[in-house]
Student: 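Mind having a look at this structure? Questions to follow.
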Amino acid sequence: MAPDASSDGLNAPGARLLAIDIGNTSIAIGVYAGNDLEATFRVASDRENLPDEYAMLLAGLLRGRGIEPESVDSAILSSTVPPLTSVFREVARQCFGVEALVVGPGVRTGVRVRYDNPREVGPDRILHAVAALDRYDPPLVVVDFGTALVFDAISREGDYLGGAIAPGIGPASEGLFSRAAMLSRVSLERPPSVIGRNTVHSVQAGLYFGYAEMVRGMVRRLRDELGEGATVIATGGYASIMEQEAGCFDAIEEHLNLQGLRLVYEANRPEVGAAERDRAP
């Protein structure tokens, strides 16, 4: 369990933590005051943007929510887009005058990783485990509806085991629309029936019911391997849309990765590390 933020400088008046989760399609940004998530933003993952451009964008977004950039005194980021990692480290320096903690090898998470090669596991998947274990008893299954549709399995002992990765709903649908000249883009929503009687409903049926069946089947298989009683947590942009049809989620956590970032930051603060060393025999 991560240390309680109420006993340190993170809860000092005006002190805020900036949490940045860089994905292939979008960047989720959260601002924490202690344990409270004060504001969230989502911007496009544009590899062409310079640090100055992102710094101006971020400062404007914060001020638009009544948060002065000067009140941010710490930052943590995870990234599955290596070129943007250095960009946002520079943003943290320029905009907030802080050195961002980057989630990766050598950063304490409190989660044992049982992957064949732990360095192959994306930081977002470990953050799923950190945040899920903070709120729920294992075993756990986390379903992330992002650029990829990711299933993560956490054992009864709280170990991260691995999981499965499939194309996300967004990229899958874009691939269909870009390669099938006669199909137009449609919104992802539940059509009247699985038998589409026009092209729009036919595409919606394939995406909506098709992905619901895949999620339901994968969750069943993961539960079979983990053992009965595994709690299933969904996160990501399409989680709430797919919730009713999939019918296999015990909870939806909209900001699971941001929660994981906060917990990892707390576990790696310099003052926490010093306190642990002082208590060591």
Student: As an exercise, state the distance from CG of Leu101 to CD1 of Ile76, rounded to the nearest 0.5 Å.
Tutor: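 Spacing of CG (Leu101) from CD1 (Ile76) equals 4.5 Å.
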Student: Can you name the closest pair of heavy atoms from Val142 and Ala132 and give their distance?
Tutor: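 Closest approach of Val142 to Ala132, heavy atoms only: CG2-CB, 4.1 Å.
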Student: Going hydrophobic residue to hydrophobic residue with side-chain gaps under 4.5 angstrom, can you get from Val150 over to Leu207?
Tutor: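 Not linked; separate clusters.
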Student: Taking atom CG of Asp116 as the centre, does the number of heavy atoms from other residues, nucleotides or ligands within less than 6.0 Å exceed 12?
Tutor: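 Not more than 12 within 6.0 Å, no.
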Student: Quick check against the 3.5 Å criterion: does Asp46 have a side-chain atom that pairs as donor or acceptor with the backbone of Glu48?
Tutor: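 Yes; at least one donor-acceptor contact below 3.5 Å.
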Student: Do Arg114 and Ile154 come within less than 4.5 Å of each other through their side chains, counting heavy atoms only?
Tutor: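 Answer no - side chains too far apart.
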Student: Measuring from Ile241:CD1 to Glu189:CD, what's the distance to the nearest 0.5 Å?
Tutor: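 One finds 9.0 Å between CD1 of Ile241 and CD of Glu189.
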Student: Determine whether a donor-acceptor pair (N or O, by modelled atom type, separation under 3.5 Å) exists between the side chain of Arg112 and the backbone of Glu157.
Tutor: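 Yes.
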Student: Do you know the tightest heavy-atom contact between Arg125 and Ala164?
Tutor: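 In terms of heavy atoms, the two residues are closest at NH2-N, 3.9 Å.
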Student: Can you spot which of Val130, Val103, Leu256 makes a side-chain contact (heavy atoms from CB on, under 4.5 Å) with Leu261?
Tutor: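 Result for side-chain contact (heavy atoms from CB on, under 4.5 Å) with Leu261: Val103.
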Student: Quick one, Tyr136 with Glu253, criterion side chain to side chain contact (heavy atoms under 4.5 Å, CB included). Give me CA distance, side-chain angles, the key distance, then yes/no.
Tutor: CA-CA 11 Å; Tyr136 304 93; Glu253 295 283 353; 2.5 Å; yes
Student: Checking Phe88 now: which residues fulfil ring-ring contact (aromatic ring centres under 6.0 Å, His included) with it, not counting sequence neighbours?
Tutor: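 For Phe88 the ring-ring contact (aromatic ring centres under 6.0 Å, His included) partners, ignoring immediate neighbours, are Tyr54.
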Student: Can you check whether Ser45 reaches Thr25 side chain to side chain, under 4.5 Å on heavy atoms?
Tutor: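 No. Closest side-chain heavy atoms not under 4.5 Å.
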Student: Within the structure provided, determine whether Val141 and Met218 are in side-chain contact (heavy-atom separation under 4.5 Å).
Tutor: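 No, their side chains stay 4.5 Å or more apart.
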Student: Mind checking whether Val143 and Ile165 sit in one hydrophobic cluster, side chains of I, L, V, M, F, W, Y counted as touching below 4.5 Å?
Tutor: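 Result: no, two separate clusters.
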Student: Given side chain to side chain contact (heavy atoms under 4.5 Å, CB included), test Leu62 with Phe41 step by step and report yes or no.
Tutor: CA-CA 9 Å; Leu62 291 172; Phe41 314 95; 3.8 Å; yes
Student: Look up atom CD1 in Ile233 and atom CG in Asp250, then write down how far apart they are to the nearest 0.5 Å.
Tutor: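 Answer for the CD1-CG pair, Ile233 versus Asp250, is 8.0 Å.
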Student: Strictly distance-based, threshold 3.5 Å: is any side-chain N or O of Thr80 a donor or acceptor partner for the main-chain N or O of Ile22?
Tutor: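 Confirmed, Thr80 side chain pairs with Ile22 backbone.
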Student: Looking only at non-hydrogen atoms, find the nearest pair between Ala100 and Arg89 and report the distance.
Tutor: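 Nearest pair, atom of Ala100 first, then Arg89: O-NE, 4.4 Å.
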Student: What is the distance from atom CD1 of Ile29 to atom CG of Leu77, rounded to the nearest 0.5 Å?
Tutor: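 Answer rounded to 0.5 Å: 10.5 Å.
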Student: Working to the nearest 0.5 angstrom, can you tell me the gap between Leu140 CG and Arg223 CZ?
Tutor: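 Here the rounded value is 10.5 Å.
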Student: Does the side chain of Pro105 reach to within under 4.5 Å of the side chain of Arg119, using non-hydrogen atoms?
Tutor: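 A side-chain contact exists here, since the closest heavy-atom pair is under 4.5 Å.
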Student: Considering all heavy atoms of both residues, which atom of Ile252 and which atom of Ala239 are nearest to each other, and what is their separation?
Tutor: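 Nearest pair, atom of Ile252 first, then Ala239: CD1-O, 3.8 Å.
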Student: Please say whether more than 12 non-hydrogen atoms of neighbouring residues, nucleotides or ligands are located less than 6.0 Å from CD in Glu90.
Tutor: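 For Glu90, atom CD is crowded (more than 12 foreign heavy atoms under 6.0 Å).
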Student: With side chain to side chain contact (heavy atoms under 4.5 Å, CB included) as the test, would you mind laying out the steps for Phe209 and Gln204 before giving the verdict?
Tutor: CA-CA 8 Å; Phe209 294 122; Gln204 287 176 332; over 6 Å; no
Student: Given side chains that start at C-beta, do those of Cys95 and Met56 come closer than 4.5 Å, heavy atoms only?
Tutor: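 The answer is no; the side chains never approach within 4.5 Å.
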Student: Looking only at heavy atoms, what is the nearest atom pair of Val98 and Ser74, with distance?
Tutor: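 In this case the closest contact between Val98 and Ser74 is CG1-N, 4.0 Å.
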Student: Under 30°, 30 to 60°, or over 60°: which ring-plane class applies to Tyr160 and Tyr115, parallel, tilted or perpendicular?
Tutor: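 Plane angle between 30° and 60°, so tilted.
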Student: Restricting to non-hydrogen atoms, name the atom on Arg156 and the atom on Pro138 that form the minimum distance, rounded to 0.1 Å.
Tutor: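 Shortest heavy-atom contact: O-CG, 3.4 Å.
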Student: Could you tell me whether a side-chain N or O of Arg16 sits under 3.5 Å from a main-chain N or O of Val31, the two making a donor and an acceptor?
Tutor: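 No.
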Student: Can a donor-acceptor pair be found between the side chains of Tyr32 and Glu266 at a distance below 3.5 Å?
Tutor: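 Note: Tyr32 and Glu266 side chains miss the donor-acceptor criterion.
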Student: Report yes or no: do Val203 and Val194 belong to one cluster of Ile/Leu/Val/Met/Phe/Trp/Tyr joined by side chain heavy-atom distances under 4.5 Å?
Tutor: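 Shared cluster, yes.
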Student: Is the shortest side-chain heavy-atom distance between Ile126 and Val113 below 4.5 Å?
Tutor: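 The answer is yes, as the side chains (C-beta and beyond) meet within the 4.5 Å cut-off.
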Student: Do Asn24 and Arg47 pass the side chain to side chain contact (heavy atoms under 4.5 Å, CB included) test, and can you show the C-alpha distance, the side-chain angles, and the key distance before you say yes or no?
Tutor: CA-CA 10 Å; Asn24 288 287; Arg47 304 183 191 199; 4.0 Å; yes
Student: Could you check if a side-chain atom of His128 sits within less than 4.5 angstrom of a side-chain atom of Asn257, using non-hydrogen atoms only?
Tutor: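 Yes, close enough: below the 4.5 Å cut-off.
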Student: State whether the side chain of Asp159 and the backbone N or O of Leu161 hold a donor-acceptor pair below 3.5 Å, judged by distance alone.
Tutor: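 No, Asp159 side chain to Leu161 backbone: no donor-acceptor pair under 3.5 Å.
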Student: Would you please say whether a donor-acceptor pair under 3.5 Å links the side chains of Ser78 and Asp21?
Tutor: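 A pair is found: one side chain offers a donor N or O, the other an acceptor, under 3.5 Å apart.
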Student: Taking the side chain as every heavy atom from C-beta outward, state whether Leu188 and Tyr208 have any pair of such atoms under 4.5 Å apart.
Tutor: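 Yes, their side chains come closer than 4.5 Å.
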Student: What is the distance from atom CE of Met242 to atom CZ of Phe145, rounded to the nearest 0.5 Å?
Tutor: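 One finds 5.5 Å between CE of Met242 and CZ of Phe145.
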Student: Between Arg65 (side chain only) and Thr40 (backbone N and O only), is there a donor and an acceptor less than 3.5 Å apart?
Tutor: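 At least one qualifying donor-acceptor pair exists.
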Student: Same cluster or not: are Leu50 and Ile27 linked, directly or through other Ile, Leu, Val, Met, Phe, Trp or Tyr residues, by side-chain heavy atoms under 4.5 angstrom apart?
Tutor: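 As far as the 4.5 Å side-chain criterion goes, Ile27 and Leu50 are not connected within one cluster.
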Student: State whether the number of non-hydrogen atoms from other residues, nucleotides or ligands found under 6.0 Å of Glu225 atom CD is greater than 12.
Tutor: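 Count not over threshold, so no.
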Student: Please determine whether the number of non-hydrogen atoms from other residues, nucleotides or ligands lying under 6.0 Å from atom CZ of Arg221 exceeds 12.
Tutor: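 For Arg221, atom CZ is not crowded (no more than 12 foreign heavy atoms under 6.0 Å).
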